[in-house]
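The structure appears below as structure tokens.
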Amino acid sequence: MEYAQVVRTRLEVIDKLESMLKANELENATPRDFVSDNPWLLDPAWERATRNAEKEKAFRTIGEEEYKLDFSSDSESNSRVDIKYLTAPDRETIVEFKRYGRDIKIEEIREQVWRYAEAMTRILEKDDARTDRAEGRKNASGIDERVNVLIIVRRVLDNRGKPMSPGAANAQVEMFWAKFLYFSDMLAQSRERYQEFVKGVSQKDDAGEAIQAIEFSGSDGNAENI
């Protein structure tokens with residue numbers, strides 16, 4: 001029944017995220033904390049990722065002192081920059097939630113993402129030296145390959161003020177091991193994660209039967225959209 005319980009929990013998480021999106025609650029901090037507490041919603045590779053408050057603090061310090069980043073406020077939204085630092089076995093991830101109602105221009109955000117990636121690379125260099133660990137490989141832009149920057153936005157605008165597709169926007173920051181995730185895609189992506197998980201469980205064993213029972217019992221409720 002372990003798999004069935006995981007599926008039940010994930011189904012509840014997805015339904016909760018959907019209700020937040022429908023209620024436009026992403027202006028508030030609570031749903032953003034909710035997503036950072038369930039990083040598999042963003043990427044299946046972050047299943048075991050955990051928030052690292054110590055590195056989050058170090059990132060802010062290095063970013064401000066060495067890369068002129070200002071985390072005190074977002075000048076466009078008049079609020080503190082909302083950043084989470086997640087650590088996984090082979091990746092270091094910064095997730096920033098842009099205010100839902102704010103439009104982001106690619107020229108502005110690209111420079112910011114570059115500095116984020118450089119600050120994270122600097123943190124990893126210090127960690128490597130402190131632990132006597134071999135330095136990580138860097139790409140042509142000088143960014144450590146363990147770096148991962150994710151910016152969650154409503155949309156990204158080009159220099160003419162026109163909305164960019166996720167593919168076009170991501171092409172502008174991929175050299176910094178970064179990508180954008182649009183709020184509108186977040187729910188669809190989380191549902192895909194759920195389906196991938198269910199498909200990985202055989203319908204012939206007890207866990208599979210339990211999962212089918214959960215899905216069937218929810219067919220008249222929120223689960224009907226899964």
Side-chain angles (χ1 to χ4, degrees), residues 17 20-21 24-29 31-46 49 51-52 55-56 59-60 62-64 67-88 91-124 139 141 143-159 161-190:
L17 177 61
M20 289 178 178
L21 286 167
N24 290 323
E25 292 181 4
L26 289 171
E27 296 280 2
N28 305 318
R32 297 195 290 267
D33 289 338
F34 178 81
V35 172
S36 66
D37 289 340
N38 297 278
W40 60 269
L41 288 166
L42 305 175
D43 192 306
W46 303 346
R51 185 176 177 186
N52 191 316
K55 285 192 173 181
E56 195 171 298
F59 173 78
R60 289 180 181 272
I62 290 175
E64 289 174 344
Y67 297 98
K68 310 301 181 185
L69 288 165
D70 181 8
F71 298 112
S72 60
S73 66
D74 184 328
S75 59
E76 292 285 337
S77 63
N78 195 31
S79 62
R80 185 171 177 81
V81 177
D82 194 347
I83 286 177
K84 311 296 181 188
Y85 198 115
L86 304 177
T87 301
R91 303 289 281 176
E92 304 284 311
T93 303
I94 277 289
V95 181
E96 180 182 354
F97 295 83
K98 291 295 186 182
R99 190 171 66 88
Y100 184 72
R102 181 185 173 192
D103 287 332
I104 308 298
K105 292 185 177 179
I106 188 63
E107 184 176 352
E108 164 199 346
I109 193 63
R110 188 176 187 277
E111 176 70 21
Q112 181 183 347
V113 166
W114 185 6
R115 293 185 184 186
Y116 280 6
E118 288 184 324
M120 292 181 72
T121 295
R122 184 73 180 119
I123 288 174
L124 287 167
N139 66 8
S141 298
I143 306 303
D144 194 296
E145 292 184 358
R146 292 168 290 179
V147 164
N148 196 26
V149 180
L150 180 65
I151 309 295
I152 301 180
V153 298
R154 182 170 71 97
R155 61 181 182 177
V156 178
L157 306 181
D158 64 20
N159 294 332
K162 302 294 185 180
M164 302 178 69
S165 69
N170 285 328
Q172 296 293 314
V173 297
E174 62 185 5
M175 67 287 297
F176 309 128
W177 300 117
K179 68 178 181 179
F180 299 106
L181 174 61
Y182 286 33
F183 282 106
S184 59
D185 294 334
M186 189 184 300
L187 183 60
Q189 181 169 297
S190 65

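One finds no salt bridge joining E108 and R110 here, because no Lys/Arg side-chain nitrogen approaches an Asp/Glu carboxylate oxygen to under 4.0 Å. We find that R115 and E111 are joined by a salt bridge, their nearest charged nitrogen and carboxylate oxygen being less than 4.0 Å apart. Under 4.0 Å is where a charged nitrogen must lie from a carboxylate oxygen, and between K55 and E92 at least one such pair does.
Side-chain N or O atoms of D158 include none that pairs as donor or acceptor with a backbone N or O of M164 at under 3.5 Å. Without hydrogens or angle criteria, D144 side chain to M120 main chain gives no donor-acceptor distance under 3.5 Å. Between the side chain of N170 and the backbone N or O of P166 there is at least one donor-acceptor pair closer than 3.5 Å.
Using modelled atom types, one finds no donor on one side chain facing an acceptor on the other under 3.5 Å when comparing E107 with Q172.
Side-chain contact between V149 and V173 is absent, with no heavy-atom pair separated by less than 4.5 Å. Inter-residue side-chain proximity for T121 and L124 is flagged as unmet; no heavy-atom pair is nearer than 4.5 Å. In this structure the side chain of F59 reaches within 4.5 angstrom of the side chain of Y116, judged on heavy atoms.
Between the CD1 atom in I94 and the OH atom in Y85 there is a gap of 6.0 Å [rounded to 0.5 Å].
Applying the 6.0 Å contact sphere to CD of E145 captures more than 12 heavy atoms from other residues, nucleotides or ligands.
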